[in-house]
Number of protein chains: 2
Amino acid sequence: MQATRGSGGVKVTGPLLAAASAEARVRLLMNAHALAVPRGRLIIAQDAEADRLFILLQGSVGLGFADEDGAATMVEILAPGEAFPLSAALLRLPHPVSATALAPCRLVAIPAEDLREAAAADPALMHTAIEQMTRQWRLLADQVVDLKTRDATQRAARFLLRRLSAPRGAVEIPEPRGAIAARLGMTPESLSRALHGLEAAGLLRLHARRVDVPDRAALLRAAQPRAGASQGARRV
Amino acid sequence: MQATRGSGGVKVTGPLLAAASAEARVRLLMNAHALAVPRGRLIIAQDAEADRLFILLQGSVGLGFADEDGAATMVEILAPGEAFPLSAALLRLPHPVSATALAPCRLVAIPAEDLREAAAADPALMHTAIEQMTRQWRLLADQVVDLKTRDATQRAARFLLRRLSAPRGAVEIPEPRGAIAARLGMTPESLSRALHGLEAAGLLRLHARRVDVPDRAALLRAAQPRAGASQGARRV
DNA sequence: CGGGGGCGTTGATTCAGATCAACGCGGCCC
DNA sequence: GGGCCGCGTTGATCTGAATCAACGCCCCCG
């Protein structure tokens, strides 16, 4: 199968492939194949062997953690362009998080073997892979800070802000509310109240699977912790 | 300075050095120097350039995040053997978290330059570096799960458990309570209550800078979420 | 075309943990 | 040796968010 274009005519891109040398890219895509996944489908089971690297082209993928005692959490929600599970595929390790399609997805699967060979042969690719892993770490660190220092409304606001770069515009929210609530560390009820609270404050306008933000700066202001907030905050 | 041994006669070890080839190790330690740091001292300022890799030999280092609006959090507490900031040193990037000595520390500093050269020349070292970064990611993911699904007492119990491998024994807690509370996402008051609650339940015995755990299994049981607990938990 | 069920929302109540306040103890400096 | 200050602890109160409960809506299926 021709993999430089997904079956929908979508160009296969992302930081990883962009950084790879021409030869490395050929190796990566040689045995790659595109696939479409319907919403709700499990893409990677928890603790499964990482035999393929996925690159998300379209849609939304949730990284979940199911504790041995049944507690499940959404650790991260991936946007198009992201590759996963990078480190597990590089190290040929089982990866402890499951991946689920939170919206209809289109992705590319690359054999882990090819990734390893390409990374070993191409320093730039290896460098970018490390960069991506570093980025993932920082995103998680941000999330930890959010959970420790910001309340439900602020977290909801920041979630929307991360999806909006323009000073005003629409944010698409294809994933179910419950998944977003799990990602933000709150119940669906609380998320609903937070969102409607922001709407009542005139900071956004809610639609079915879209949110309109009239003024990014104003929403950003609402996402900041009130002065004097503390909690996990500490000066040692 | 002879760096294969710290000035206290401590052997310089850790996963990174253990995995490096003989030549790579020479390169890493060639310009390395040992240093001692008193409690409370800032080791790396936030957003500083990562010109050195530190390996913690003794003591405890806290990775902190100070938000632009003043909210500060303890993202991670490093134990002896850990190297930081690995990814920033590998990529020659500024790293957004500060590092503070939470107890008197002894560490080794390796020029980032040497690390990069050694990693480029030694695939095993590079492999281990990626392994360590992966480990760091998983620790953070665990922390996210903790914050989302476990209450203060359970988080405190799990924090102690991670420091105790034996079925019973003593856990040293050299770092100030406030730093631990910040790491666990609660106030010092809540940590105190959690700890004393566990002691009242007979699961541990509190001392100044030490906690005795008579029965690891029992404490582990107390750290599990009650059946039916939910919160961020979601099945999509 | 008429149920049925999942998802999102809203309301009432409860509870864990933050906040505010005060105190004891120990180390350190003077 | 005495007083001060920072840390850890304890108590009282308050609040944000979970929980419990119920309802409307839309989409899918029969």
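The sequence lines fix the lettering, A, B, ..., with proteins before strands; numbering per chain opens at 1. Below, each value reflects all heavy atoms present in this structure, side chains not excepted, and no hydrogens, waters or symmetry copies.
- Listed candidates were dG8(C), dT9(C), dA17(D). Nearest to the side chain of Pro176(A) is dG8(C).
- Rounded to whole Å, atom P of dT10(C) lies 11 Å from atom CZ of Arg177(A).
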Between Arg183(B) and Glu76(B), is a salt bridge (charged side-chain N to carboxylate O under 4.0 Å, His left out) present by the stated rule, with each step listed? CA-CA 6 Å; Arg183(B) 158 64 179 76; Glu76(B) 195 58 276; 3.2 Å; yes
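- The line from OG1 of Thr153(B) to NE2 of His196(B) is 12.0 Å long, rounded to the nearest 0.5 Å.
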Dump the pairs, protein N or O against N or O of nucleotides 20-29 of chain C, anything under 3.5 Å, distances to one decimal.
residue : atom : partner   : partner atom : Å
dC20(C) : N4   : Glu189(B) : OE2          : 3.3

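- In the set dT9(D), dA16(C), dT9(C), dT9(C) carries the atom at the smallest distance from any side-chain atom of Ser192(A).
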Which protein N or O atoms sit under 3.5 Å from an N or O of nucleotides 23-29 of chain D?
none

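- Of the candidate nucleotides dT10(C), dA16(C), dT9(D), dA16(C) has the atom lying nearest to any side-chain atom of Asp151(B).
- Residues passing the side-chain hydrogen bond (donor to acceptor under 3.5 Å, both in side chains) test with Arg162(B), sequence neighbours excluded: none.
- Side chains of Gln143(A) and Lys148(B): a donor on one and an acceptor on the other come within 3.5 Å.
- Taking CZ from Phe84(A) and CD from Gln136(A), the interatomic distance works out to 10.5 Å, rounded to the nearest 0.5 Å.
- Every salt bridge (charged side-chain N to carboxylate O under 4.0 Å, His left out) that Asp212(A) has, sequence neighbours left out, goes to Arg210(A).
- When the side-chain nitrogen and oxygen atoms of Ser190(B) are compared with OP1 and OP2 of dA18(C), one or more of them lie within a distance under 4.0 Å.
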Run Glu189(A) and Arg177(A) through salt bridge (charged side-chain N to carboxylate O under 4.0 Å, His left out) and show every step you take. CA-CA 9 Å; Glu189(A) 293 96 319; Arg177(A) 291 282 202 273; over 6 Å; no
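- The shortest distance between the side-chain N/O atoms of Thr187(A) and the OP1/OP2 oxygens of dA18(D) is below 4.0 Å.
- Without hydrogens or angle criteria, Gln58(B) side chain to Cys105(B) main chain gives no donor-acceptor distance under 3.5 Å.
- Taking five base pairs at each end of the helix from dC1(C)-dG30(D) to dC30(C)-dG1(D), the local helix axes there meet at an angle of 40°, rounded to 10°.
- Where Thr153(A) and His207(B) meet DNA chain D, the nucleotide closest to each residue was compared, and His207(B) sits on the side nearer the 5' end.
- Partners of Glu175(A) according to the salt bridge (charged side-chain N to carboxylate O under 4.0 Å, His left out) rule, which considers only residues two or more places apart in sequence or in another chain, are Arg163(A).
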